[in-house]
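Index from 1, following the sequence. Each ligand, and each atom within it, is numbered from 1 in the order the structure gives. In this text the structure is predicted, and so the values were computed from the model without any measurement.
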Amino acid sequence: MKSSTQTVLEHTDVPRHIAIIMDGNGRWAKKRLLPRIMGHKKGVDNLEGIVRHCATIGVQYLTVFAFSTENWRRPADEVSFLMNMFVEALKKRVQKLHDNDLRLRVIGTHERFSAQIVDGITAAEALTAGNQGMTLTVAADYGGRQDIVQAANALLQEGVTQITEEAMRRHLALGDVPEPDLFIRTGGEARISNFMLWQLAYTELYFTDILWPDFNAAALDEAITSFRQRERRFGRTSEQLPAEEQRSC
Ligand code: IPE
Ligand code: IPE
Ligand code: MG
């Protein structure tokens with residue numbers, strides 16, 4: 001067992017897939033008497049540092065929740081600010097991802113996005129598709145229930161008479177990617193809020209009070225250190241597990 005104060009991680013011992021609910025932007029701003037949108041601005045900047053750190057320590061897939069199907073319920077001006085921020089990020093930050101050999105994917109329905117956003121997503125995914133580094137997946141207008149329903153509908157379209165777990169898995173938005181090893185939610189809430197409901201079945205869950213704009217590389221290392229101290233049993237007993245299989249990453 002490693003010391004929980006350790007912050008420098010070895011390249012070989014990190015989760016293959018990390019999923020993050022980036023929560024707490026609004027409260028970060030409120031604490032500073034700033035408008036909520038300033039928290040979102042700071043949140044996007046923060047993501048850049050976390051992406052860089054994950055890629056450096058050898059994470060293969062980083063999936064972040066940026067906007068849920070339920071977030072459309074927010075005040076119109078906040079939603080429109082977030083949409084503009086999305087457009088800006090697609091314009092200004094994608095090249096940097098590409099320069100660093102990272103792949104960008106965006107999952108979610110996209111139905112309510114403007115043509116500008118949809119085109120930006122298509123272009124960004126195409127530009128970075130052949131890159132060999134970490135895959136950053138942004139879940140935007142994404143809902144875990146919606147994802148399960150669209151997978152079931154896709155199977156119906158194929159004319160199946162029976163649905164299997166394996167067929168469902170393949171039709172989900174990240175059906176071609178290993179399930180998350182580690183889930184992190186910042187901002188103090190201990191809930192899933194309709195994130196990857198199917199895929200989180202055996203993911204190690206980590207909740208922190210740190211607000212997303214303050215969640216830095218050291219905080220991420222702490223989450224990974226907690227992950228490394230856990231025994232993943234997948235239903236079996238402790239005695240059945242060979243030591244090297246326990247984290248399965
Ligand atoms: C997360 O931060 C970002 C989005 C949901 C878009 P919040 O905006 O939910 O921040 P809090 O939870 O109100 O502090
Ligand atoms: C979850 O955060 C969605 C994102 C971070 C994009 P919310 O702030 O929307 O979640 P609830 O409403 O507190 O459950
Ligand atoms: Mg929130």
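Remark: the His110 side chain and the Asp141 side chain contain no N/O donor-acceptor pair separated by less than 3.5 Å. Using modelled atom types and a 3.5 Å distance limit, the side chains of Asp214 and Trp28 yield a donor-acceptor pair. Under 3.5 Å, the side chains of Arg185 and Ser193 contain a donor-acceptor pair of N or O atoms. A side-chain donor-acceptor contact under 3.5 Å links Arg230 and Ser226.
Taking only nitrogen or oxygen atoms, main chain and side chain alike, Trp28 does not reach within less than 3.5 Å of ligand 1. The shortest N or O to N or O distance between Glu189 and ligand 2 is not below 3.5 Å.
Proximity annotation for atom 14 (O) of ligand 2: of Ser193, Ala66, Gly24, Gly143, Ser193 comes nearest, heavy atoms only. Nearest-residue assignment for atom 5 (C) of ligand 1 (options Arg74, Met22, Met85; heavy-atom criterion): Arg74.
Protein heavy atom closest to atom 3 (C) of ligand 1, with residue, atom name and distance, is Asn25 ND2, 3.6 Å. Of all protein heavy atoms, the one lying nearest to atom 10 (O) of ligand 1 is Gly26 N, 2.9 Å. The closest protein non-hydrogen atom to atom 7 (P) of ligand 1 is Asp23 OD1, 3.5 Å.
Ion pairing between a basic and an acidic side chain is recognised when a charged N comes within 4.0 Å of a carboxylate O; Lys91 and Glu88 show such pairing. At a threshold of 4.0 Å, the pair Arg170-Glu165 does not count as salt-bridged, since none of the basic side-chain nitrogens sits closer than that to a carboxylate oxygen.
For ligand 2, the atoms sitting less than 4.0 Å from at least one non-hydrogen atom of Ile21 are 1 (C), 5 (C), numbered in the order shown with element in parentheses. Within ligand 2, counting atoms from 1 as listed, the ones closer than 4.0 Å to a heavy atom of Phe67 are 6 (C). The atoms of ligand 1 that sit less than 4.0 Å from any heavy atom of Arg27 are 11 (P), 12 (O), 14 (O).
Formation of a donor-acceptor pair under 3.5 Å by the Gln150 side chain with backbone atoms of His171 is found in this model.
With Phe183 as the partner, the ring-ring contact (aromatic ring centres under 6.0 Å, His included) test is satisfied by one option alone out of Tyr206, Phe207, Phe65, Phe227: Phe207.
Using the six-membered ring where Trp is involved, Phe67 and Trp72 have ring planes that are perpendicular, over 60° apart on the 30 and 60° scheme. Ring orientation note: the planes of His17 and Tyr61 are tilted relative to one another, at an angle of 30° to 60°.
Note that atom 12 (O) of ligand 2 has no protein non-hydrogen atoms nearby, at separations under 4.0 angstrom.
Residue contact check for ligand 2: Arg185 places a non-hydrogen atom closer than 4.0 Å to it. Under a 4.0 angstrom heavy-atom cut-off, Arg191 registers as being in contact with ligand 2.
Residue contacts with ligand 1, taken as heavy atom pairs separated by less than 4.0 Å, involve Asn71 solely via side-chain atoms from C-beta onward.
Within Asp23, OD1 is the N, O or S atom that lies nearest to the Mg ion (ligand 3).
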